[in-house]
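Since the model is a prediction, treat every value here as computed from it, not as a measurement.
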Amino acid sequence: MSNMDKILRELNPEQRKAVETIDGPVLVLAGAGTGKTRVITYRIAYMLAKGIPPESILGLTFTNKAAKEMKERLAALVSPEKAQKVTLGTFHSFCVRMLRKEIRALNYLPNFTIADESDQAGIIKQAAAVLGYVKGDAPVPEISAYISSQKNRLIDSRTAKNVADTDYQVQMAHVYDEYQQILCNQNMLDFDDMLFLAYRIFEEHPEILKKYQEIYQYILVDEYQDTNDAQFTLIKQLCGHRCNLCVVGDDDQSIYGWRGANISNILDFPSMFKGTSEIKLEQNYRSTNKILTAANKVIAGNSNRYAKNLWSSNGEGDNIRLVKAMDGEGEADFIADFIVQEIAEHPEIDYSHFAILFRSNHLSRLLEQSLRKAGVPYRLVGGQEFFKRKEIKDAVAYLKLVVNPREDQSLLRILNLPPRGLGDKAVDRLKSLKNTVFLPMTEIISNEDYLEGLTSKAASGVRELDACLKKYRQEFAEPGNLASKTQAFLTACGYLDGLQKIYKDIEDSVKRRENVYEFINAVAMFEKKAAGPVTLENYLESYALLEENDKVEDKSDDGNSVTLTTIHAAKGLEFPYVFVIAMERNIFPHERSEAEGKTDEELRLFYVALTRARRNLLITHADYRMYRGMSLSQTPSKFLQHLPDGIVDKHQPGELIKTMSKDELLNSFKSMFEQLKN
């Protein structure tokens with residue numbers, strides 16, 4: 001039997017059709033749990049078996065996790081060498097790789113660095129100040145959201161100024177224009193620039209676009225329902241006249257409209273790409289049929305969608321349990337008690353089988369409190385703030401300056417960290433000189449004209465910093481040994497040993513120093529996982545592309561823990577037991593969508609929550625919940641009305657939690673102890 005036959009035998013009829021339809025535009029509507037990752041990886045394996053060169057295949061995903069899983073699955077299906085030659089990655093990682101090669105066409109240098117949120121905020125304030133805003137008066141979050149929206153719609157700053165039709169829009173557009181100029185002068189990109197500048201290169205330089213069209217003759221896109229206007233345009237540019245484009249997605253799981261995703265991209269795909277082959281995947285491999293019946297009924301409440309009917313061969317399963325608690329605290333206590341009871345009664349399950357999903361992050365507080373009280377370990381997905389800690393951002397700023405000497409934002413951040421005797425006047429003079437001579441600040445600080453205006457202590461400190469940066473630019477020029485070089489650099493520039501001067505409290509400074517060492521460990525892990533020697537530029541790029549789902553805070557010692565997560569962050573995950581909590585008016589659907597009469601996306605979010613469950617689905621709501629210090633009466637969510645009759649059991653918490661005798665409790669603890677010991 002050929003390898004191709006083996007590949008096809010493992011697929012159901014609809015999956016097989018999706019795999020075998022190679023040429024032309026293909027829309028694969030993959031319902032929740034229907035094996036879309038399998039379809040994409042098997043499709044690539046099938047294409048390789050048909051003789052299509054691996055270098056001509058481009059697979060685009062939305063998360064690092066999805067890209068990694070696809071690479072691993074593909075390597076298991078074909079030779080690792082072939083799999084390595086296929087380009088698989090996120091939109092942003094693909095664009096960054098392309099920009100490193102082509103960005104000179106837009107007058108940037110290839111060693112650009114990527115601005116994080118704090119960098120962006122600083123540059124927006126700087127741009128606003130140039131335009132006459134009083135210090136602290138600029139609405140930074142609103143300006144940031146405006147700029148991001150313009151870039152995702154592929155509108156540059158000059159066009160934004162031309163089309164602005166209110167004074168407020170004109171003001172925002174001028175800040176956008178100044179902001180973009182500052183970024184360019186510092187050889188920096190923000191997150192949205194990765195897509196926007198890739199689009200601009202293809203649009204303004206057709207010879208470059210043609211080169212990439214010739215390289216990538218077959219394109220696959222995962223989670224296509226989440227594409228925004230910029231991503232759609234990039235895909236269309238790359239497809240060219242061949243249009244060998246396969247997109248896999250589910251309009252019913254389009255839940256990112258608030259960050260620019262355009263559901264029309266998937267709904268209108270057949271009209272935008274003539275001759276589209278449309279294939280539906282409806283056999284679900286995850287859940288029981290009662291869970292799927294509820295999910296089908298719920299999502300049918302939306303009219304603008306592709307009709308799909310998920311089904312499973314996993315049996316009917318248990319009824320869904322709808323639990324009404326007295327208040328938020330009672331809801332959280334019930335969940336903790338239920339988990340403890342289920343584990344005591346079922347030795348074959350552990351804490352990792354449970355997930356608690358919520359609409360908004362603030363709902364995790366009571367859950368964490370109740371789980372800690374019950375001794376239940378948990379992990380908070382998307383809750384890890386490690387890389388957002390000040391000492392980590394400072395360390396990264398030092399490293400950015402090694403890679404990109406033009407990045408003034410990072411220099412201003414670390415210039416006096418640790419203290420080098422530079423006051424506000426010295427910094428203001430540096431900024432003033434920058435506006436006069438138009439040189440990067442890293443060049444100005446080595447100029448004697450600037451140094452003469454400083455105290456001897458400050459001048460000495462700045463000279464040492466300048467010498468250290470120059471030395472380690474040479475050290476980091478060669479790939480490899482990143483972790484040891486990073487530690488040596490942060491020590492040589494005085495940052496590691498200077499933390500006690502920055503943070504006067506000894507205990508605090510020691511903790512922050514340990515965090516910096518943990519950051520160096522992260523660099524070492526990045527090196528360890530890499531296929532070969534890597535550069536500092538490679539690591540900083542990986543750092544900039546970290547996603548919320550890459551950061552998980554685990555409160556257990558061994559990873560055996562209950563998962564707490566927003567529903568947005570749960571997309572792509574699955575668990576034997578799922579709790580969907582706080583199903584109440586103005587919480588879910590969110591009060592903003594209720595007020596605006598736009599609840600279609602919220603209903604899709606509820607559908608995503610339901611389809612995370614494999615066997616046990618519990619939905620909870622409360623009669624009262626604390627809001628701004630007051631206990632308010634709650635109304636059940638209108639979404640609960642979509643749940644079908646006959647497969648939903650309604651409960652009070654006490655009906656599902658058994659009261660155990662002392663002997664039963666003792667035996668339960670003995671059993672758990674024996675399991676841990678074994």
Side-chain angles (χ1 to χ4, degrees), residues 3-22 26-49 57 59-63 65-78 83 86 88 218-226 245-255 266 269 277-293 295-296 299 305-315 317 549 570-576 578 604 607-615:
N3 190 42
M4 196 184 307
D5 290 331
K6 287 179 185 175
I7 288 170
L8 296 176
R9 280 188 64 187
E10 296 181 26
L11 306 171
N12 68 38
E14 290 75 23
Q15 290 175 331
R16 179 168 178 159
K17 184 179 178 185
V19 165
E20 291 183 304
T21 310
I22 298 300
V26 181
L27 171 61
V28 180
L29 294 163
T34 56
K36 67 176 180 60
T37 305
R38 166 173 282 211
V39 163
I40 294 172
T41 50
Y42 276 56
R43 193 175 199 273
I44 296 172
Y46 179 78
M47 291 162 71
L48 295 174
I57 300 171
L60 297 171
T61 71
F62 274 84
T63 66
K65 181 185 172 187
K68 182 173 179 285
E69 185 180 351
M70 285 180 194
K71 287 175 184 175
E72 289 170 352
R73 289 198 191 187
L74 185 60
L77 290 171
V78 302
V86 175
L88 276 174
Y218 294 86
I219 300 171
L220 301 93
V221 183
D222 184 25
E223 302 287 10
Y224 183 70
Q225 77 281 349
D226 294 334
L245 170 65
C246 175
V247 301
V248 183
D250 182 8
D251 54 307
D252 291 334
Q253 296 186 76
S254 179
I255 58 174
I266 190 167
F269 187 88
S277 299
E278 192 177 308
I279 302 161
K280 290 183 185 179
L281 306 182
E282 296 173 301
Q283 183 177 354
N284 177 286
Y285 292 92
R286 176 186 301 157
S287 308
T288 60
N289 276 303
K290 284 184 178 177
I291 292 171
L292 296 178
T293 297
N296 287 332
I299 201 60
R305 58 183 288 267
Y306 291 99
K308 293 179 287 295
N309 187 54
L310 298 186
W311 62 276
S312 171
S313 58
N314 294 334
N549 285 9
K571 190 161 170 285
L573 305 178
E574 57 182 74
F575 303 89
V578 166
R604 293 195 290 270
Y607 170 83
V608 167
L610 301 182
T611 53
R612 300 310 95 197
R614 292 185 201 154
R615 299 192 304 271

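- A donor-acceptor pair under 3.5 Å links the side-chain atoms of S287 to the main chain of A613, judged by distance alone.
- Put simply, the residue from N309, L310, N314, L610 that forms a side chain to side chain contact (heavy atoms under 4.5 Å, CB included) with L292 is L310.
- When side chains are defined from C-beta on, Y285 does not count as touching R38, because their heavy atoms never get closer than 4.5 Å.
- Salt bridge D250/K308: present, at least one basic N to carboxylate O contact under 4.0 Å.
- With hydrogens and angles disregarded, no donor-acceptor distance shorter than 3.5 Å links the side chain of D222 to the backbone of F62.
- The structure places OG of S312 at 13.0 Å from CD of E282, a figure rounded to the nearest 0.5 Å.
- R43 contributes no side-chain N or O that, together with a main-chain N or O of C246, makes up a donor-acceptor pair within less than 3.5 Å.
- Listed by chain and residue number, nothing satisfies the ring-ring contact (aromatic ring centres under 6.0 Å, His included) test with F575 (two or more places apart in sequence, or in another chain).
- Side-chain atoms of T611 come within 3.5 Å of backbone N or O of V608 as a donor-acceptor pair.
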Item to check | Test log, rule side-chain contact (heavy atoms from CB on, under 4.5 Å), inputs L11 and L8 | outcome: CA-CA 6 Å; L11 306 171; L8 296 176; 4.3 Å; yes

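- With a 4.5 Å cut-off on side-chain heavy atoms, L220 and V248 do not count as touching.
- In this structure, E14 contributes its side chain and L281 its backbone to no donor-acceptor pair below 3.5 Å.
- Donor-acceptor pairing under 3.5 Å is recorded for the side chains of E10 and Y42.
- At a threshold of 4.0 Å, the pair E72-K68 counts as salt-bridged, since one of the basic side-chain nitrogens sits closer than that to a carboxylate oxygen.
- To the nearest 0.5 Å, the span separating CG on L88 from CD on E69 amounts to 11.5 Å.
- The two residues I40 and M70 make their nearest non-hydrogen contact at CD1-CE, 3.7 Å.
- Looking only at distances, no side-chain donor or acceptor of Y46 sits under 3.5 Å from a matching main-chain atom of I22.
- Considering CG of L29 and CD1 of I266, their distance stands at 5.5 Å, rounded to 0.5 Å.
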Checklist entry - Given W311 and N289, is the side-chain contact (heavy atoms from CB on, under 4.5 Å) satisfied, shown in steps? => result CA-CA 6 Å; W311 62 276; N289 276 303; 4.2 Å; yes

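- For the atom pair L48 CG and L74 CG, the distance stands at 6.5 Å (nearest 0.5 Å).
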Next on the checklist: The test is side-chain contact (heavy atoms from CB on, under 4.5 Å); show your working for T61 and E223 and say whether it passes.
Outcome noted: CA-CA 7 Å; T61 71; E223 302 287 10; over 6 Å; no

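- Counting only distance, with no hydrogens or angles, the side chain of R612 and the backbone of L573 share a donor-acceptor pair below 3.5 Å.
- For the pair K17 (side chain) and K280 (backbone), a donor-acceptor distance under 3.5 Å is absent.
- A salt bridge is defined here as a Lys NZ or Arg NE, NH1 or NH2 lying under 4.0 Å from an Asp or Glu carboxylate O, and E574 with R614 meets this definition.
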Next on the checklist: Pair K571, D226 - check side-chain contact (heavy atoms from CB on, under 4.5 Å), show working.
Outcome noted: CA-CA 12 Å; K571 190 161 170 285; D226 294 334; 3.3 Å; yes

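- Here the side chain of D251 pairs no donor or acceptor atom with the backbone of R305 at under 3.5 angstrom.
- For the atom pair T21 OG1 and I279 CD1, the distance stands at 4.0 Å (nearest 0.5 Å).
- For the residue pair R604 and D252, the shortest heavy atom distance occurs at CB-O, 3.3 Å.
- For the residue pair A18 and V28, the shortest heavy atom distance occurs at CB-CG2, 3.9 Å.
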